[in-house]
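In what follows, chains are A, B, ... by sequence order, proteins preceding strands, each numbered from 1.
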Protein chains: 2
Amino acid sequence: MDSKDFQIIRELQKDGRLSNQELSERVNLSPSPCLRRVRNLEKEGVIRGYAAIVDEPSLGLSVTAFVRVTLERHTEETTREFEDSIRRIDEILDCYVMTGGSDYLLRVIAPDLQSYERFVRERLHKVKAIASIDTGFAYGVVKRSTLLPYPV
Amino acid sequence: MDSKDFQIIRELQKDGRLSNQELSERVNLSPSPCLRRVRNLEKEGVIRGYAAIVDEPSLGLSVTAFVRVTLERHTEETTREFEDSIRRIDEILDCYVMTGGSDYLLRVIAPDLQSYERFVRERLHKVKAIASIDTGFAYGVVKRSTLLPYPV
DNA sequence: GATAATATTGGCAGAATCTGCCAATAGGGG
DNA sequence: CCCCTATTGGCAGATTCTGCCAATATTATC
């Protein structure tokens, strides 16, 4: 992976629907090697996919919550079961394993506070082995970027 | 916005590079009305853009940190200044305003712990009006989804 | 329930883009 | 300096895009 690849990655992070033609001009290549590089980055898993970035409020999703979860036990099986459950719940968009007592941090999206309450009662509390949850709500977004730092 | 629009949004969240042809087949439309709907969703700001999803470790970015920030003062000017600074720092990918004492939650990406330390000392601590910061590291990813819930 | 007004659709065609192949070029090692 | 390998640019057939128009579906009004 050389600097051309980084440039390509950078441009596609900024606009994932760039035509190969336009992309090739921006990184100073002709279309065919450019396309070959893109395909390669996809094949190698450097580019994991492409997604439309959607405005949540426009879809009536105005609540973003961050939820800290701690587990009762940390056996391999409990953990696996917990993580499988998380992956199956659509309202949970992201889930990270955090340092400090094997917690998880979830990012959850819901239409409103009421729906979020229901999500916690009907979905999250049904997940086995959860010891405690602690919700914080986001009531504003300052920044959301898809452009990773450093490799210029 | 009707159910066809929701379907389109759904498909483009799953694959942002879908050709209009393929997309139109998936949502049972012919290409031209399909494209018109997509353009409209873009114009209305429902679709805010498209992005390549990149594997961070492949770019040598293996540290994800969540940082809680509290401000010393909460005047309009302090807040604005703080938020502007945040937006200018590349390592900070996301920044949410959180409930409970006007905190912020940042998601930060760095190559390693050392770089993260340097980021905190050289960048974050230079931002005015920060009273305290509290970092939690993600050492695993269970789930990351670009597909918003509900509107089936 | 019929009719008119409006919005949305499907098809078409010229323009643009994609994409696999091949010869030419650039870069590295002996 | 030459050879070997990797990468590039150009080409061409196939595909896709995209704006326009007539046809169809939807909605409002009476």
Side-chain angles (χ1 to χ4, degrees), chain A residues 1-62 111 146-152, chain B residues 1-61 111 145-152:
Chain A
M1 259 205 329
D2 58 11
S3 116
K4 280 274 187 270
D5 282 324
F6 289 133
Q7 283 181 60
I8 289 175
I9 290 168
R10 192 173 175 77
E11 293 303 324
L12 287 177
Q13 282 180 308
K14 290 194 282 187
D15 182 358
R17 279 207 79 125
L18 229 42
S19 75
N20 182 55
Q21 196 118 320
E22 172 71 15
L23 177 61
S24 67
E25 285 170 23
R26 292 201 194 176
V27 302
N28 278 96
L29 273 178
S30 69
S32 43
C34 184
L35 182 65
R36 214 163 332 128
R37 278 167 179 270
V38 172
R39 291 288 175 266
N40 234 59
L41 290 167
E42 290 167 358
K43 188 159 61 66
E44 301 299 324
V46 179
I47 295 178
R48 292 209 326 244
Y50 302 87
I53 311 299
V54 173
D55 184 62
E56 287 129 3
S58 299
L59 295 190
L61 297 165
S62 44
T146 55
L147 183 57
L148 294 173
Y150 180 52
V152 182
Chain B
M1 258 202 335
D2 58 12
S3 116
K4 279 274 188 268
D5 283 323
F6 289 133
Q7 282 180 61
I8 288 175
I9 289 168
R10 192 173 176 75
E11 293 303 325
L12 287 178
Q13 282 181 307
K14 290 194 281 187
D15 181 359
R17 279 206 80 124
L18 229 42
S19 75
N20 182 56
Q21 197 117 319
E22 173 70 16
L23 177 61
S24 67
E25 285 169 24
R26 292 202 193 173
V27 303
N28 279 96
L29 274 177
S30 69
S32 42
C34 184
L35 183 64
R36 216 162 331 129
R37 279 168 179 269
V38 172
R39 290 289 176 265
N40 233 58
L41 290 167
E42 290 168 356
K43 189 160 58 68
E44 301 300 324
V46 179
I47 295 178
R48 292 210 325 244
Y50 302 87
I53 311 298
V54 172
D55 184 61
E56 287 129 4
S58 299
L59 295 190
L61 297 164
S145 173
T146 55
L147 184 56
L148 294 172
Y150 180 52
V152 183

To the nearest angstrom, the NZ-C1' distance between A/K4 and D/dA6 comes to 16 Å
Do B/M1 and A/L59 make a side-chain contact, defined as non-hydrogen atoms from C-beta onward lying under 4.5 Å apart? yes
What is the distance, to the nearest angstrom, from the CD atom on B/E25 to the C1' atom on C/dG11? 15 Å
Under the side chain to side chain contact (heavy atoms under 4.5 Å, CB included) criterion, do B/R36 and B/R39 qualify, and how do the steps go? CA-CA 5 Å; B/R36 216 162 331 129; B/R39 290 289 176 265; 5.7 Å; no
Protein-nucleotide distance (B/L29, atom CG; D/dA23, atom C1'), rounded to Å: 16 Å
Compare every heavy atom of B/C34 with every heavy atom of B/N20, then report the nearest pair and how far apart it is. OD1-SG, 3.6 Å
Treat primed atoms plus P, OP1 and OP2 as sugar-phosphate and everything else as base, then score nucleotides 12-21 of chain C 5' to 3': B for base contact with protein heavy atoms under 4.0 Å, S for sugar-phosphate contact only, - for none. -----SSBB-
Can you tell me how far P of C/dA7 sits from CG of B/D5, to the nearest Å? 16 Å
State whether B/R37 places a side-chain N or O below 4.0 Å from either non-bridging phosphate oxygen (OP1 or OP2) of C/dT8. no
Could you pull out the closest heavy-atom pair between A/R37 and A/K4, with the gap in Å? NH1-CB, 3.4 Å
Validation row: B/E11, B/D15 side chains within 4.5 angstrom (heavy atoms): no
Interatomic distance where CG belongs to B/N28 and P belongs to C/dT9 [whole Å]: 12 Å
Could you report the tightest heavy-atom contact between B/I47 and A/A52, atom names first, then the distance? CG2-CB, 4.2 Å
